[in-house]
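Some notes on the structure that comes next.
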Protein chains: 2
Amino acid sequence: MMKRSKQKEVILRIIKSTSSHPTADWIYEQARKEIPNISLATIYRNLKLMKDNGELLELDLGVGQSHYDGNVTNHYHFRCDKCGQIFDIDQPVDKAIDVSVARQTGHEVTHHVLKFRGICKRCKK
Amino acid sequence: MMKRSKQKEVILRIIKSTSSHPTADWIYEQARKEIPNISLATIYRNLKLMKDNGELLELDLGVGQSHYDGNVTNHYHFRCDKCGQIFDIDQPVDKAIDVSVARQTGHEVTHHVLKFRGICKRCKK
DNA sequence: TTATTTGCAAATCATTTGCCCGAAG
DNA sequence: CTTCGGGCAAATGATTTGCAAATAA
């Protein structure tokens, strides 16, 4: 019962075609190029729907806005403390650590979120 | 040049004497018991000051308010997706992974933040 | 037709700020 | 004294919501 709409298509296409981990705002600006009167609320509404649908990830970096990621395969991120840019980390996800923590704590561990912080290659120069 | 004040003392004492990873709001309620007319803005102002001073940590769990932790030694956390409670994870911090990511990406990695998610022991029952 | 979705504006919610007063050094 | 910290209320910024009109099924 989820209707498709032009705005949904545009939003999903924008997210799937970038690896820049954009914010809702950036997606909004891009979408406006195709649908000039699209509303920011529509962006947020659809991002949430698609997130709940497993079509994208919401990254909470703890600073300002959320970032969204069209790459739904589990992976880690690095955030530059200077320019704020987010990079994917090409490092295998360690499932064993979840098991280890579950055994140690007695909690049921479904997954973990790992974020690296520092200064990116470019800003370092 | 940081003046000491009764409110600073109270706030710091509250945080240092719990391992419940409280929110600013909870700290506010506790502080009111000792200083009834203390302001929430004062709580936030001092939490930020103390964070910048390295006296406490701010945990951003990506859901609602920030949580604060008087334990400044680097450690991991687990958040229950049902009750929202946060638990410390007694697992050694893996510094080697920072080095590995730095080598692989060329970025300067200062640290990483690792959060486990799932259902806690209590909620699981 | 009729259930969803949209755009818009107003509402939330956590956090921050401006301002003027009181307290610390 | 004189500067910094505090209380209060108003401002902010990101995200959400209510609602009537538009649109997909």
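FYI, side chains are in, hydrogens and waters are out, and symmetry mates aren't considered; it's all heavy atoms of this structure. Lettering of chains follows the sequences in order, A, B, ..., and the numbering in each one begins at 1. If you're wondering where the values come from, they're calculated on a predicted model, not measured in any experiment.
In this structure, A:K115 contributes its side chain and B:K115 its backbone to no donor-acceptor pair below 3.5 Å. Using modelled atom types, one side-chain atom of B:K16 and one backbone atom of B:G70 make a donor-acceptor pair closer than 3.5 Å. In this structure, B:D69 contributes its side chain and B:N71 its backbone to a donor-acceptor pair below 3.5 Å.
Against DNA chain C, the stretch residues 7-31 of chain B makes no heavy-atom approach under 4.0 Å. Within residues 32-56 of chain A, the residues approaching DNA chain C are A:N37, A:I38, A:S39, A:A41, A:T42, A:R45, A:N46, by heavy-atom distance under 4.0 Å.
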Show me the protein contacts with nucleotides 23-25 of chain C, counting only N or O atoms at under 3.5 Å.
| from | atom 1 | to | atom 2 | distance (Å) |
| --- | --- | --- | --- | --- |
| C:dA24 | N3 | B:K3 | NZ | 3.4 |

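A pairwise comparison of heavy atoms in A:D25 and A:L40 identifies OD1-CD2, 4.1 Å as the closest pair.
The environment of B:K121 atom NZ is sparse: at most 12 non-hydrogen atoms of other residues, nucleotides or ligands sit within 6.0 angstrom.
In this structure, the separation between CD1 on A:I11 and NZ on A:K6 is 12.0 Å, given to the nearest 0.5 Å.
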- Message: The test is side chain to side chain contact (heavy atoms under 4.5 Å, CB included); show your working for A:L47 and A:E58 and say whether it passes.
- Response: CA-CA 8 Å; A:L47 286 175; A:E58 181 178 3; over 6 Å; no

- B:H107/A:F87 under ring-ring contact (aromatic ring centres under 6.0 Å, His included): CA gap, chis, key distance, verdict: CA-CA 10 Å; B:H107 305 319; A:F87 302 84; 4.5 Å; yes

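Between A:Y76 and A:F116, the ring planes lie perpendicular to each other; the angle is over 60°, past the 30° to 60° tilted range. A:H75 and A:H21 have tilted rings, their planes meeting at an angle from 30° to 60° on a 0 to 90° scale.
The CG atom of B:D60 sits 11 Å away from the C1' atom of C:dA14 (whole-angstrom rounding).
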